[in-house]
Each structure stands twice: as structure tokens, then as C-alpha cells.
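Order of listing sets the numbers, starting from 1, for every ligand and every atom in it. Throughout, numbering of the chain's residues begins at 1 and tracks the sequence. Only this structure's heavy atoms are used, side chains among them; waters, hydrogens and symmetry mates stay out. Everything numeric here is computed off the predicted structure, so don't read it as measured data.
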Amino acid sequence: MKNMAVVVMGCGGVGRQLLHHIVSCRSLHAQQKLHLRVVGVCDSKSLIVASDVFTMELDDTFLVEVCRVKSTGSSLLTLSNSGQHKVFSNPEAMRKIIDIATLLGRSTGLAFVDCSASSETIGVLKKVVDLSCCVVMANKKPLTSSMEDYEKLLAYPRRVRHESTVGAGLPVIVSLNRILLSGDPIHRIVGSLSGTLGYVMSEVEDGKPFSQVVKSAKSLGYTEPDPRDDLSGMDVARKALIIARLLGRRIDLDSIKVESLFPVEMGPNMMPVEAFLENGLPLLDKGVQERVEKASSNGNVLRYVCLIEESRYEVGIQELPKNSPLGRLRGSDNVLEISSRCYNQQPLVIQGAGAGNDTTAAGVLADILDIQDLFP
Ligand SMILES: NC(=O)c1ccc[n+]([C@@H]2O[C@H](COP(=O)([O-])OP(=O)(O)OC[C@H]3O[C@@H](n4cnc5c(N)ncnc54)[C@H](OP(=O)(O)O)[C@@H]3O)[C@@H](O)[C@H]2O)c1
Ligand SMILES: *[C@@H]1O[C@H](CO)[C@@H](O)[C@H](O)[C@H]1NC(C)=O
């Protein structure tokens with residue numbers, strides 16, 4: 001039986017779903033002679049760690065309890081110490097994480113799994129990579145800060161996986177990597193990488209007012225609590241940057257031209273979210289409707305896409321042929337069209353659900369299994 005030691009950072013929707021997947025896949029993994037040994041779980045304030053990281057683990061009953069506590073909105077600090085595990089709060093928790101990485105990284109091996117939504121994990125991730133640990137990310141922030149951080153984090157690319165950062169569980173990164181490895185030059189990538197904006201653009205195409213569509217997207221739970229977090233395009237821009245960097249482009253987030261679907265004067269610093277929804281949004285209806293109609297008169301549709309070409313990095317609304325994979329897209333699916341020498345006349349198309357705790361966590365779990373050969 002091969003044992004893979006794992007530390008899960010972040011215990012929100014994705015982190016908890018990952019722990020549930022790990023527990024429910026026990027017999028499947030056992031058939032593959034593999035055991036995922038969860039030695040630590042942390043949230044924003046604290047870390048829970050097995051009393052002896054060489055021989056012990058947080059057992060399944062306890063992992064389920066951790067998930068239950070976190071789903072009530074409590075901190076891990078509400079769990080008390082036992083013979084099996086110890087609880088640490090910051091800043092001691094951070095030191096403890098480095099201790100574990102130092103102990104296990106070069107001996108049994110250790111996978112750090114970033115399921116947080118924080119830009120603060122990057123410091124820890126860079127350190128643990130140096131200590132020979134593996135890193136799996138659902139979190140986009142560490143990959144989208146400076147180029148210097150990116151290169152440190154990917155100094156040993158075989159030890160790093162981040163499939164779920166683009167298109168959740170969809171095989172986007174792995175497909176791009178295979179094309180790149182085969183030396184097939186990629187000329188163009190265009191994709192709809194926000195379920196929220198995919199839904200919004202296909203609904204306004206049917207003639208519904210933009211403001212109504214955004215509000216119903218919010219009530220369906222498709223948007224962030226403040227829909228401007230989706231409408232700003234910044235989340236799509238981070239995904240575009242991750243793809244561009246994978247293609248070898250040494251660029252930063254501000255190299256990407258991003259179109260926000262609301263003007264600066266309706267931004268989060270200028271207007272509370274209620275005012276935006278009630279008074280701001282309806283002012284945008286007419287402009288969106290005119291663009292939809294103009295596109296339609298050209299036989300086209302509007303999609304909010306990320307576009308990567310030779311030296312073009314854009315995130316925003318584009319007019320696309322109705323009869324293309326992106327033009328046919330309805331609802332909240334993600335779609336990525338990749339054009340290369342081999343995929344020339346017809347692009348390679350990857351489509352499916354691009355969000356959700358379940359598919360995202362499944363992508364993370366597959367990433368963890370994918371690095372098992374690096375463990376002794
Ligand atoms: N949900 C999706 O559909 C989806 C799809 C693709 C990618 N992702 C990415 O997956 C990540 C997780 O998403 P989510 O929806 O699970 O987020 P979430 O529910 O907000 O959970 C974030 C978790 O990270 C913890 N955290 C914050 N700062 C931390 C730090 N410095 N160190 C360790 N843990 C920290 C939080 O702790 P507290 O509990 O103490 O606040 C919380 O438990 C995000 O980066 C997101 O962009 C999500
Ligand atoms: C993901 O998990 C969070 C936290 O449990 C929950 O609020 C959210 O509704 C879940 N999202 C989906 C799409 O299931």
C-alpha cells in the first residue's frame with residue numbers, strides 16, 4: 001500500500017467536498033493500492049494536525065466532523081486537542097506547517113492542496129515547494145501574482161498541478177499541456193470561462209433585460225454575493241493569465257485587456273451592492289440591448305470570452321458566429337476552443353460544467369492521484 005500524506009488548506013465549499021470525496025473513495029483507492037493520509041487541514045486562522053505526522057492521520061470520522069463544524073461557519077479552533085490531533089492558531093499554525101513540510105517533504109513526500117481563495121497562501125506554497133513537497137491548487141491567486149512568484153512556484157513543474165483553476169474539473173490544463181508537449185503550436189484560444197457570464201450572455205440574447213438577467217442569476221446562486229465580482233471580468237482575466245503563462249508568455253494580470261460590464265462609477269467603492277442592483281444595473285440595459293441587436297443583424301451573437309492570440313490578451317464581449325461552438329453555447333457551461341497546427345480547420349473543443357464544488361473537488365482529487373508516482 002502506497003501512502004500519500006496530504007495537507008488541505010482551505011475548508012470552504014471545495015475543501016470540504018474534497019475531504020468528502022477522499023473519504024468516499026477509500027475502497028476505490030485501496031484497489032489501486034493507494035491510501036490518502038490526511039495529516040492536516042487548515043482554514044484562515046488555524047491548523048489541525050495529526051499528533052504524529054509520520055505514523056498518524058486525521059481519521060475519516062474526524063474529517064467528517066471537521067466538515068460539519070466548518071459548514072456551520074465555525075472556526076477549526078472550536079475543535080479541541082486530543083491524543084490523535086493538535087490544534088494550532090496563527091501565527092504558530094504557519095510555523096507548524098513549515099515544520100511538517102520539512103519533516104515529510106524529503107522523506108515520505110507531502111502534497112499541499114490549496115483550496116483557499118486567498119492570495120496569502122503563496123508564501124507558504126513557495127516554501128514547501130523548496131522543501132520538495134508537491135502542490136495542488138484550486139486557488140488561482142498564487143498563479144496570478146508576479147511572474148517571479150509564478151516561476152518560483154513552478155520551479156519543479158512536475159510536482160505542481162492546478163487543473164481546477166481553469167474550467168473547474170474540465171480537462172483544460174492537461175489538454176493544453178499535451179498539445180504543448182507534442183510541439184504543436186497553438187495560435188488561438190477563445191473560451192467562455194465564466195458560468196455566470198455564459199448564462200447572462202445567452203439570456204440577454206433571448207431579449208431579456210440585462211438587469212433582470214443579472215438579478216435572476218444572483219437568486220439562482222450563479223453569482224458571487226456581489227455580482228460585480230463576476231461582472232468585472234477579473235476572475236476570467238486570472239484564468240486567461242494562467243492559460244497564457246502555460247503557453248510560455250511571461251506576462252502579468254495588467255497585460256490583459258479586461259472589459260468590465262459596469263462602469264467605474266458603479267464600482268464597489270462607489271456604490272453599495274443594493275444600490276447597484278436597484279438603481280445602477282437598469283441604466284445598463286439599453287446599451288447591452290443595442291449591442292445584442294447589432295450583433296444579431298450581422299448574424300452573430302455576443303459572448304463574454306477570453307481571447308489569447310499571438311500577442312493579444314483580451315477578456316470581454318466579442319461578436320461570434322452563431323454557428324460556432326461558442327455561438328451555440330447556452331446556459332452556464334464553460335467552453336474552450338483551441339486552434340493549433342493539428343487542430344486547424346476545426347478547433348479542439350472542451351465543454352462542460354465549469355464550476356461547482358463537486359466537479360472542482362473532483363478535479364483536485366484527480367490532480368492528487370496524478371502525482372502518486374512521485375511518492376516513495
Ligand atoms: N466553487 C467553485 O465552483 C470553484 C471552481 C473553480 C475554482 N474554485 C476555487 O477554489 C477555491 C476555493 O473555493 P471555495 O468556493 O471553496 O471558497 P470558500 O468557500 O470561500 O472557502 C475558502 C476557504 O479557504 C480558507 N482560507 C482563507 N484564507 C486562508 C489561508 N490564508 N490559509 C488557509 N486557508 C485559508 C477559508 O477559511 P475560513 O473558513 O476561516 O474563512 C475557507 O475555509 C477558490 O480559490 C476558488 O476560486 C472554486
Ligand atoms: C458550494 O459550497 C458552498 C459552501 O458549502 C455553498 O454555499 C454553495 O452553495 C455550494 N455551491 C454549489 C454550486 O453547490
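Proximity of Q17 to ligand 1 is not established, as no heavy-atom distance is less than 4.0 Å.
Contact atoms of ligand 2 toward G13: 2 (O), 4 (C) (distance under 4.0 Å to a heavy atom of the residue). Atoms of ligand 1 lying under 4.0 Å from at least one heavy atom of N357, given by number and element, are 1 (N).
Judged by distance alone, the side chains of D43 and S46 do bring a donor and an acceptor atom under 3.5 Å apart.
For R16, every heavy-atom contact with ligand 2 shorter than 4.0 Å involves the side chain, none the backbone. The residue S75 has no part lying near ligand 1, judged by heavy-atom distances below 4.0 Å. Under 4.0 Å from ligand 1, heavy atoms of A138 appear from its side chain as well as its backbone. Contacts between T360 and ligand 1 below 4.0 angstrom, taking non-hydrogen atoms only, involve the side chain exclusively. Contact annotation: for K141 versus ligand 1, there are no heavy atoms closer than 4.0 Å.
Among V14, T165, L47, N139, the residue whose heavy atom lies closest to atom 15 (O) of ligand 1 is V14.
For ligand 1, one of its N or O atoms has an N or O atom of S116 under 3.5 Å away. For ligand 1, the polar-atom distance check finds no N/O of T121 at less than 3.5 Å from any of the ligand's N/O atoms. The shortest N or O to N or O distance between S44 and ligand 1 is below 3.5 Å. Looking at G356 next to ligand 1, an N or O pair under 3.5 Å apart turns up. Annotation: M9 places no N or O atom under 3.5 Å from an N or O atom of ligand 1; distance criterion only. When only interatomic distances are considered, the shortest N/O to N/O separation between M94 and ligand 1 does not fall below 3.5 Å.
Across V204 and M201, no two heavy atoms sit closer than the pair CG2-O, 3.4 Å.
A cation-pi contact, defined as under 6.0 Å to the ring centre and within 45° of the axis, links R228 to F276.
Nearest protein heavy-atom contact of atom 13 (C) of ligand 2 is G356 CA, 4.1 Å. Here the protein heavy atom with the shortest distance to atom 11 (N) of ligand 2 is N357 ND2, 3.1 Å.
In this pair, H85 and F62 present their aromatic rings parallel. The plane angle is below 30°, not in the 30 to 60° band.
With respect to N139, the side chain to side chain contact (heavy atoms under 4.5 Å, CB included) criterion is satisfied by exactly one of D114, V113, V14: D114.
By the definition of a contact as any protein heavy atom under 4.0 Å away, atom 20 (O) of ligand 1 is not in contact.
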